[in-house]
Amino acid sequence: MVICTFAAMTKVYLKKKISRRVESGHPWIFANEVGLVDGEVNGGDTVEVFTHDKKFIGRGYINPKSQILVRLLTRDRGEVIDEGFFMNRLRQAWEYRQRIGYTENCRLVFGEADDLPALIIDKFNEYFVIQTLALGMDRWKPAIVAALQELFQPKGVYERNDVPVRELEGLSQVKGFLSAPFDTRIVIQENGIRMEVDLENGQKTGYFLDQHDNRRAIRHIVKGADVLGAFCYTGSFETHAGYYGARSVLGLDISEAAVAQARRNAELNGLGPVCRYEAVNAFDVLKAWSKEGRLFDVVMLDPPAFTKSRETIQKAITGYKEINLRGMKLVRRGGFLVTSSCTNLVSPELFLDTIQLAAKDARRRLRQVTFAAQASDHPIIEGWENTNYLKFLIVQVM
Ligand code: SAH
C-alpha cells in the first residue's frame with residue numbers, strides 16, 4: 001500500500017483484482033486489498049473508495065489500526081454520511097422489521113445486513129441496547145442515539161460495548177447509559193410469556209433475541225413432556241416449554257446469575273413448580289447422566305459459540321458431536337432433540353453432518369422436524385457468511 005498525503009479529501013484505491021467479497025457487495029475492505037491511499041488517514045473518518053481505474057465504489061469509514069481498513073456505509077454516490085444518513089438507515093431498519101411482523105422486541109439493526117457495519121441495536125420494547133463495534137461507527141454514536149430518540153422516544157438507551165472485539169479497533173470496553181439513567185432490569189413479553197432481562201449485567205445485550213422464532217417451534221413437542229434444557233441462560237426455551245404444557249422442565253447453566261434469573265422468570269410466569277434449574281457444568285452432567293441412563297422426552301441444547309477462529313474449528317466440531325451424542329442418548333426413543341449452534345464458522349451443512357455422525361455413534365436414527373436459522377429480524381444476505389450464523393434443528397430420535 002502506498003500512502004500519499006497531498007490531497008485534502010481521502011480517497012482509497014483498491015488493487016486491480018477486486019475480491020469476490022467486495023464484488024458481492026460486502027462492505028469490508030481489508031488493508032491488503034488496497035493499492036493506494038490518497039490523502040490523510042485519520043481513524044474513524046469517512047473516505048471514498050474507488051477501483052484501481054478510479055470508478056466509484058462507495059463511501060465508508062477508515063481505521064488504520066484495524067485489519068478491516070474500510071467498512072462501506074453506502075455505494076450510492078449521492079448519499080452523504082451525516083446525521084441524516086443514520087436517521088434514514090434506522091428508519092428503514094424499523095420499517096423492515098414492522099413489515100415482517102415485529103412489534104415490541106427485535107434486533108433493530110443487524111450490522112452489515114442493515115448497511116450499518118459494526119452496529120448492533122436491540123429493541124426491547126421501549127428500551128434500546130446498542131453496540132458500536134468499530135471506531136468509525138463509534139464516532140457516530142451521538143447521531144445514532146439522536147435518531148433513536150426521534151424515532152421512538154425511548155424510556156432508556158444503554159450501551160453494551162463491553163465486548164473484546166472492540167480492542168481490535170483500538171477501542172476500550174465500556175458500558176453505561178446513553179440516556180437518563182433508568183432501572184436496567186426490565187420485563188419483556190415474548191410469544192405470550194414474560195421475561196425479566198438485565199440490560200446491564202446480562203450476557204451480550206441482555207437477551208438472545210435471535211432464537212425468538214425458534215422458541216415457538218418447540219410448542220407441540222413439549223406438551224406433557226419431561227424436558228431437559230442445557231445451556232439455558234435465563235431459561236427462555238425452558239419457560240416456553242413450561243408455558244406450552246411440559247410436565248417437568250429442568251434447565252442447566254454454569255452461570256449462577258443466569259440460573260437465578262431463570263428461576264425468577266419461572267415465577268414471573270407462574271411456572272415455579274414446573275421449571276427447575278441447576279447451576280452446573282452441562283458438559284459434565286450430560287456425560288454423567290447419559291452413562292447413568294437417565295431419560296427425558298425432549299432434550300434441548302443451546303451452547304455458546306465454540307470457536308471464533310478457523311484454527312480451532314475441528315475442536316469445535318468435536319465438541320458439537322460430543323454434546324449432541326450425549327444429548328441423543330438422554331432422549332427416550334421417539335422423543336426429540338432440539339439443538340442449536342451459533343458458531344459462525346460452522347456452516348448449516350457441516351452442522352447437519354455433525355449431528356448425523358453423532359447419531360451413528362449413538363446408534364440412533366433421526367427424523368428431521370425443523371431446520372432453521374436465526375429469527376428474521378437478523379436478515380441473512382446470501383454470500384455474506386457472517387450474517388448466516390445460527391443453526392436450529394429439531395429431530396425425532398428413534
Ligand atoms: N438458550 C439461551 C441462550 C444460551 S447462551 C437463550 O435462548 O436465551 C449459552 C449459555 O451457555 C450461557 O448462558 C452460558 O452461561 C452457558 N454455558 C457456557 N458454558 C457452559 C457449561 N460448561 N455448562 C453449562 N452452561 C454453560
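Here the structure is a predicted model, which is why all the values come from computation and not from measurement. First listed ligand is number 1; within each ligand, the first listed atom is number 1.
Heavy-atom separations between Met300 and ligand 1 are all 4.0 Å or longer. Assignment of Asp253 to the shell around ligand 1 is supported, since a heavy atom sits closer than 4.0 Å. Ligand 1 is never approached by Ala258 to a heavy-atom distance shorter than 4.0 Å.
The side-chain heavy atoms of Leu135 and Lys65, taken from C-beta on, include no pair separated by under 4.5 Å.
Residue Val280 has at least one heavy-atom neighbour below 4.0 Å for each of these atoms of ligand 1: 23 (N), 24 (C). Those atoms of ligand 1 that come under 4.0 Å of a heavy atom in Arg215, given as number and element, are 6 (C), 7 (O), 8 (O). Those atoms of ligand 1 that come under 4.0 Å of a heavy atom in Cys232, given as number and element, are 2 (C). Remark: ligand 1 atoms within the under-4.0 Å shell around heavy atoms of Phe237 are 1 (N), 7 (O). In summary, the atoms of ligand 1 found under 4.0 Å from a heavy atom of Asp302, numbered by their order in the structure, are 1 (N), 2 (C), 3 (C), 4 (C), 5 (S), 6 (C), 7 (O), 9 (C).
Taking the six-membered ring where tryptophan is involved, the planes of Phe124 and Tyr207 are perpendicular, since the angle between them exceeds 60° and thus also 30°.
Summarising the contacts of atom 22 (N) of ligand 1 with Asn281, Ile323, Asp284, the nearest heavy atom is found in Asn281.
The shortest N/O to N/O separation between Ala282 and ligand 1 falls below 3.5 Å. Between Gln203 and ligand 1, an N or O atom pair is found at a separation short of 3.5 Å.
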* To do: Please lay out, stage by stage, how His26 and Glu112 fare under the test side-chain hydrogen bond (donor to acceptor under 3.5 Å, both in side chains).
  => CA-CA 8 Å; His26 195 283; Glu112 282 69 12; 5.8 Å; no
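Protein heavy atom nearest atom 25 (N) of ligand 1, with residue, atom name and distance: Ile254 N, 3.1 Å. Among all protein heavy atoms, the one lying closest to atom 18 (C) of ligand 1 is Pro304 CG, 3.6 Å. Counting only heavy atoms of the protein, atom 6 (C) of ligand 1 lies nearest to Ser236 OG, 3.1 Å.
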